[in-house]
Engineer: 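I have a structure here, written as structure tokens, and I will follow up with some questions on it.
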Amino acid sequence: MIAGKKVITILGLLTVLSTAFAQTTEFKPNYDESKVPPFTLPDLLKLNDGSEVTAARWWTRRRQEVMRLFEEHVYGKAPGRPGTFNWEQKSISMDALGGKAIRKEVTLYVTSNQSGLAMNLLIYLPRNAPKPVPVFLGLNFYGNQTVHSDPGITVTESWVRNNEELGITDNKAPESTRGVRASRWQVEKLLERGYGLATLYYGDIDPDFDDEFKNGIHPYYYRGGQRRPAPDQWGSIGAWAWGLSRVVDYLEKDSDVDKRKIAVMGHSRLGKAALWAGAQDERFALVISNNSGCGGAALFRRRFGETLERINTSFPHWFCGNFKEYNNREDDLPVDQHMLIALIATRPVYVASAQEDLWADPRGEFLAAYNASKVYDLLGAKGLPSNQMPDLSQPIMNTIGYHIRPGEHDVTLYDWERFMDFADLHFKRGK
Ligand code: GTR
């Protein structure tokens, strides 16, 4: 008995030690191009049964196949458009930002009785531009009040991630967070060029922490005693993408907005969500990924910077359960991210990288966009012309667009100016 107890104690000790070891062994990202392993990308232009994909077959078969693969293995299936959906305009100003803008706040509900999940949308429209106007839609990280110092914006009351730099310490956004992310949104510049902006806090759809999907949108769709999404059902990125589509449900009804000219834009984890939203929902006329990296525009198989295992470890709630099967097995994953970008074809898609953002693997982002070009070219649109990355600040603007700029992981005025150039080009607008 006593010997048995000792064995158990030693085993216990070993478990504690090995867990502590696993937690302290630091992940060392590869930043050396010569250490990128050789790999073969899954062929976009072969059906699962091996037959060739023609332009017609892309639309009738291959696109659906690729979509199913992403749903089943990467982001999980989302529930689609809800039966009951309504909204309420919470505020409107016809002379916001010194008369330059119309500002609206609209709350979107997923239930008919307006209790439950509320997504608070902020919209700026250029006041003097002829309506309807094209709009950029993007999720924000810390609440709508961060996108501009405009005192008319309601400060979010939702749970937000703590961020010492922004003075958020108790998961609640203080007044002082007004405008702290203004440089990432460039509201005035958008308005000057005739664009509107629609934005909402991503945590209104699903708060960004691993609570095993008890909060946020997921529980609204549990069926028959279900307690968390099944392994092939949506994680948080799937939920954020779903929320972006719910905003389009509303924007389509707003007569100030040109519903044929809605561009979805996202940075970093929200760039991952923007790409997945754009892939699934063809109402997004244009899609922009900014520094979206692993699980966004970057190729998993390069294992450069953030890796598949690393992202599943740091953010176990982002992808579907099945995705964890591919930790350290990138080559077995039936897709890679060039296929995600190809799902957007032939709508315009723009991928933006930053030189110092090695964690997001700029070359991997470029190569995914380049390899998606096969589908664009097959369908008569123009992808990226070469597998050589352009120089810094030398944007390419075909139906697939790309730039890499100097600097770090961020959204800058330079990025926005290129996004607007790209939108001008495809929405056929003069400068
Ligand atoms: C990092 C994560 C990246 C990216 C980024 C962000 O911690 O590893 O994949 O999503 O966060 O969203 O800012």
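The model shown is predicted, which means the values in this text are computed figures rather than measured ones. As the structure lists them, so they are numbered: ligands from 1, and atoms in each ligand from 1. All values below come from the heavy atoms of this structure, side chains included, with hydrogens, waters and symmetry mates left out. Residue indices begin at 1 and follow the sequence shown.
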Engineer: Measure the distance from atom 7 (O) of ligand 1 to every protein heavy atom, then report the residue, atom name and distance (to 0.1 Å) of the closest one.
Structural biologist: F315 CZ, 3.4 Å
Engineer: Checking contacts here: is it the side chain or the backbone of R269 that comes within 4.0 Å of ligand 1, counting heavy atoms only? Could be both or neither.
Structural biologist: both
Engineer: What do you reckon, does W318 have a nitrogen or oxygen under 3.5 Å from a nitrogen or oxygen of ligand 1?
Structural biologist: no
Engineer: Distance to 0.1 Å, residue and atom name: give those for the protein heavy atom nearest to atom 13 (O) of ligand 1.
Structural biologist: S268 OG, 2.9 Å
Engineer: Does K46 form a salt bridge (charged side-chain N to carboxylate O under 4.0 Å, His left out) with E65? I'd like the steps, not just the answer.
Structural biologist: CA-CA 10 Å; K46 286 251 160 47; E65 275 186 2; over 6 Å; no
Engineer: Return yes if a side-chain donor-acceptor contact under 3.5 Å exists between T177 and Q145, otherwise no.
Structural biologist: yes
Engineer: Among Y326, F39, F323, find the one that has a ring-ring contact (aromatic ring centres under 6.0 Å, His included) with F300.
Structural biologist: F323
Engineer: Do L340 and Y75 have side-chain heavy atoms sitting under 4.5 Å apart?
Structural biologist: yes
Engineer: Pull out every atom of ligand 1 sitting under 4.0 Å from any heavy atom of H409, numbered as shown with elements.
Structural biologist: 13 (O)
Engineer: Indicate yes or no: at least one non-hydrogen side-chain atom of Y142 is less than 4.5 angstrom from one of I168.
Structural biologist: yes
Engineer: Would you say H267 has any N or O atom under 3.5 Å from an N or O of ligand 1, going by distance alone?
Structural biologist: no
Engineer: What is the nearest protein non-hydrogen atom to atom 8 (O) of ligand 1, stated with its residue, atom name and distance?
Structural biologist: E306 OE2, 2.5 Å
Engineer: Find all atoms of ligand 1 within a distance of less than 4.0 Å from any non-hydrogen atom belonging to K272, and give their numbers and elements.
Structural biologist: 3 (C), 4 (C), 9 (O), 10 (O)
Engineer: At a non-hydrogen distance cut-off of under 4.0 Å, which region of Y202 contacts ligand 1 (side chain, backbone, both, or neither)?
Structural biologist: neither
Engineer: L413 versus E417: any side-chain heavy-atom pair under 4.5 Å?
Structural biologist: yes
Engineer: Applying a 4.0 Å heavy-atom criterion (strictly less than), which segment of R310 is in contact with ligand 1: side chain, backbone, both, or neither?
Structural biologist: neither
Engineer: With a 4.5 Å limit on heavy-atom distance, are the side chains of Y402 and M389 in contact?
Structural biologist: yes
